[in-house]
There are 2 protein chains.
Amino acid sequence: MFQVPKLSFHDQGQVQRDFNSVTPPAEPPTNNAPNTGGFDDILAHLEVSSADRVLIYLAVSAMKLGGHRYGAFLEAATTAAKLAVYTSYLEQGKNVRKTSFLHHVEPKRVRAIIKEVEAVLVDRRALTTLSDQEPYYLSGLPYLWQSLYPWEPGTLRLQRPELTPSEHQRVEAEVPLHYPPTRLLDLLEFLDLIKLLHSKSQDDFPPTRRMVLSDALTEHIKFRLLHSGTVVQIEASPLSIPVFALARTHYAPKGERERVFTMIDDVARFFKLMQDWAAEQPGVLRALEVFDVDIDRRSEALEELDQLLRAWADKYHQDGGYPMLMQLAAGTREAREG
Amino acid sequence: MFQVPKLSFHDQGQVQRDFNSVTPPAEPPTNNAPNTGGFDDILAHLEVSSADRVLIYLAVSAMKLGGHRYGAFLEAATTAAKLAVYTSYLEQGKNVRKTSFLHHVEPKRVRAIIKEVEAVLVDRRALTTLSDQEPYYLSGLPYLWQSLYPWEPGTLRLQRPELTPSEHQRVEAEVPLHYPPTRLLDLLEFLDLIKLLHSKSQDDFPPTRRMVLSDALTEHIKFRLLHSGTVVQIEASPLSIPVFALARTHYAPKGERERVFTMIDDVARFFKLMQDWAAEQPGVLRALEVFDVDIDRRSEALEELDQLLRAWADKYHQDGGYPMLMQLAAGTREAREG
DNA sequence: CTCAGCGGGAGGTCCCCTCAC
DNA sequence: GTGAGGGGACCTCCCGCTGAG
């Protein structure tokens, strides 16, 4: 176990430098920071390649933070793989057999993939399986609830005239003031709302990709909405079935909605930039700094970096010039990373 | 279509700033740079979310640049999804049903996934489906060839004493000087080499994940090796079957071996940093600069940024301090990006 | 309500084969 | 060689059902 001095890996455009020791020696843990959900501990104990790690981060983001179904993530991955096959097919001069050999896919299957991809291309339909952040059947629900069941103060929040005033009072007392002004729904109305939203979301899909709203799927959606705190069940239902309230104006898995979205966005942009770099496009800078900092000066250092970057971009910015993008992240280095 | 002034999005630790307009308006193309393989054009015509885009970049890197099988990429994706399910299972207090609802996976399947993941964890076996850059059955072949069939100048390069001297001469004339000093192999020897390597690579896998070396897989491997230029077929074979030569000491899909590896590595690190940022860990800086630059001053700007970063890291570096990492990429902004 | 089991169908990943151009 | 088709094995993602604690 040795000291890691400061390590710099900068690489600009065609100017290739030495990359033999891109992976510096390991370091003692010093892991007092993160834990993005327990899986970091698991990852640390396993031998995982970088590509696998990216996949795992993506899966966690989509499924745990975004609320996408297990199957939806898998389908998105296969769609990505199909696109890769399709581009190979074009590069091979539309030769099915060569494409088949290249990727170890049956010619028959290659043809099916071609057909599928081209159908999407002519329709210009979104092949986006993993919608922006959350599936529509989750993120759309608060909007639908608010538009279909608005509530005016002074009117009955639970539209059940057969209930006594005291029963109404007891139920309404359970609804916090900060909840959106919407009516309370019983289980059946709530499920109908899910059903309606699902059928709406299916309109965008081609018949082949449509899913029936099974009981299992309905329960999954209901669980997700309750689990995320978007919908809350009223404790003391005056009815024979449970009663629910909309607790938020947006679906939010863990309150980190915006940040997760920004993260994936940044990663995609960063990936694109790195792809240009890997292809040795001119005018691309890649930089990696591995260093240790006095913990008391950490925020000072980051603050200064922040200012440096702003000043730099300001200095060279020129309206109407060549479009540029710079993407940076700096933070704690994990044990295995270099 | 309006002008984009300079846009800065910096965010440090807990200091949240405004993110409402994270996505600035679109810009005219000005696309004179990239084309990482034709799929950029396709992507531009499609509506693709960021998560999908990352998946596509990954698929292309693994399958087209790395040479991984179509099925291998899919398996890696399912493995990642299974890990996500497993961590949810732990977070839910090992409650199978809740995990089932959360991700819309059958309880039966959840249990199978748990069992599978735990088996990997106790064995501490690599769950790395997508090995570092290329599959072993491709990258290992040049090494095996060189160790099993070295060639000494002066001896027969094609070990067939029955051939006439002129036949030997004609074959050897076809082998460029820069090829590694290895013997030439006929088709059967070549295929045996593939077979041997495959069985070697299978030793690392548990019995369940082992693949038989089918004819189809053998042809896929052979095609990949020839397509990448790692192995070259001799035009005028003096035998009844084709003859092959090893052309490189390493498997290299398109000569961008190192860079592709570095790219995936960087993306994984960047992703990790961003995850800390999304979780609002302290001491994380995220920065995005969207700006235009005078094309004539582009390299000057990048050079200066390069120097700025080095100087900054030098200034704050302190041996034995808190481990830090900074990852940056800067380059051409695509039309759709902001 | 949770856990456990079994049933089925559709579609995808793999394998191999033949026949016409 | 290539395209186009046939077959079958196995898995897994979906669905539904029942019964035991």
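Letters A, B, ... mirror the listed sequences (proteins, then strands); counts begin at 1.
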Nearest-nucleotide 5' precedence on DNA chain C, B:Asp215 against A:Thr78 | A:Thr78
Selected nucleotide, minimal atom distance to B:Lys108 side chain, candidates C:dT13, D:dG3, C:dC6 = C:dC6
Return the 5'-most residue of the pair A:Glu106, A:Ala72 with respect to DNA chain D, ranking by each residue's nearest nucleotide.
-> A:Glu106
Round to the nearest Å and state the distance from B:Asn95 atom CG to C:dC1 atom C1'.
-> 11 Å
Figure out the CG/C1' separation between B:Leu102 and C:dT2, and round it to whole Å.
-> 16 Å
So do the side chains of A:Val171 and A:Glu167 get within less than 4.5 Å of each other, counting heavy atoms only?
-> no
Candidates C:dC15, D:dC13, C:dG7 - which lies nearest the side chain of A:Leu74 = D:dC13
Is any side-chain heavy atom of A:Ile234 closer than 4.5 Å to a side-chain heavy atom of A:Leu158?
-> no
For the residue pair A:His198 and A:Tyr137, does the interplanar ring angle fall in the parallel (under 30°), tilted (30 to 60°) or perpendicular (over 60°) class?
-> tilted
Within the structure, does a side-chain N or O atom of A:His220 lie under 4.0 Å from either OP1 or OP2 of D:dC14?
-> no
Atom CD of B:Glu219 to atom C1' of D:dT2: distance rounded to whole Å?
-> 13 Å
Determine the contact category for A:Lys94: base if any of its heavy atoms lies under 4.0 Å from a base atom, sugar-phosphate if only primed atoms, P, OP1 or OP2 are that close, otherwise nothing.
-> sugar-phosphate
Closer to the 5' end of DNA chain C via nearest nucleotide, is it B:Ala216 or B:Val96?
-> B:Val96
Nearest-Å distance for atom pair NE2/C1', residues B:His103 and D:dT12 = 18 Å
Atom CZ of A:Arg69 and atom P of D:dC13 are separated, to the nearest Å, by 11 Å
Separation of atom CD in A:Glu75 from atom P in C:dG12, rounded to whole Å | 10 Å
Sugar-phosphate only, base, or nothing, as touched by A:Lys98 at under 4.0 Å among non-hydrogen atoms | sugar-phosphate
Round to a whole Å and report the spacing from NZ of B:Lys115 to P of C:dA4.
-> 12 Å
Between B:Phe223 and B:His227, how do the two ring planes meet: parallel, tilted or perpendicular, split at 30° and 60°?
-> parallel
Of the nucleotides D:dC13, D:dT2, C:dC3, which has the atom closest to the B:Arg97 side chain?
-> C:dC3
If you measure from the Lys or Arg side-chain nitrogens to the Asp or Glu carboxylate oxygens, is any gap between A:Glu134 and A:Arg224 under 4.0 Å?
-> no
Separation of D:dT2 atom P from A:Phe101 atom CZ, nearest Å, is 7 Å
Closest nucleotide of DNA chain D for A:Pro107 versus for B:Arg109: which of these residues is on the 5' side?
-> A:Pro107
What's the closest nucleotide to the B:Ser214 side chain, out of C:dC15, D:dC14, D:dG3?
-> C:dC15
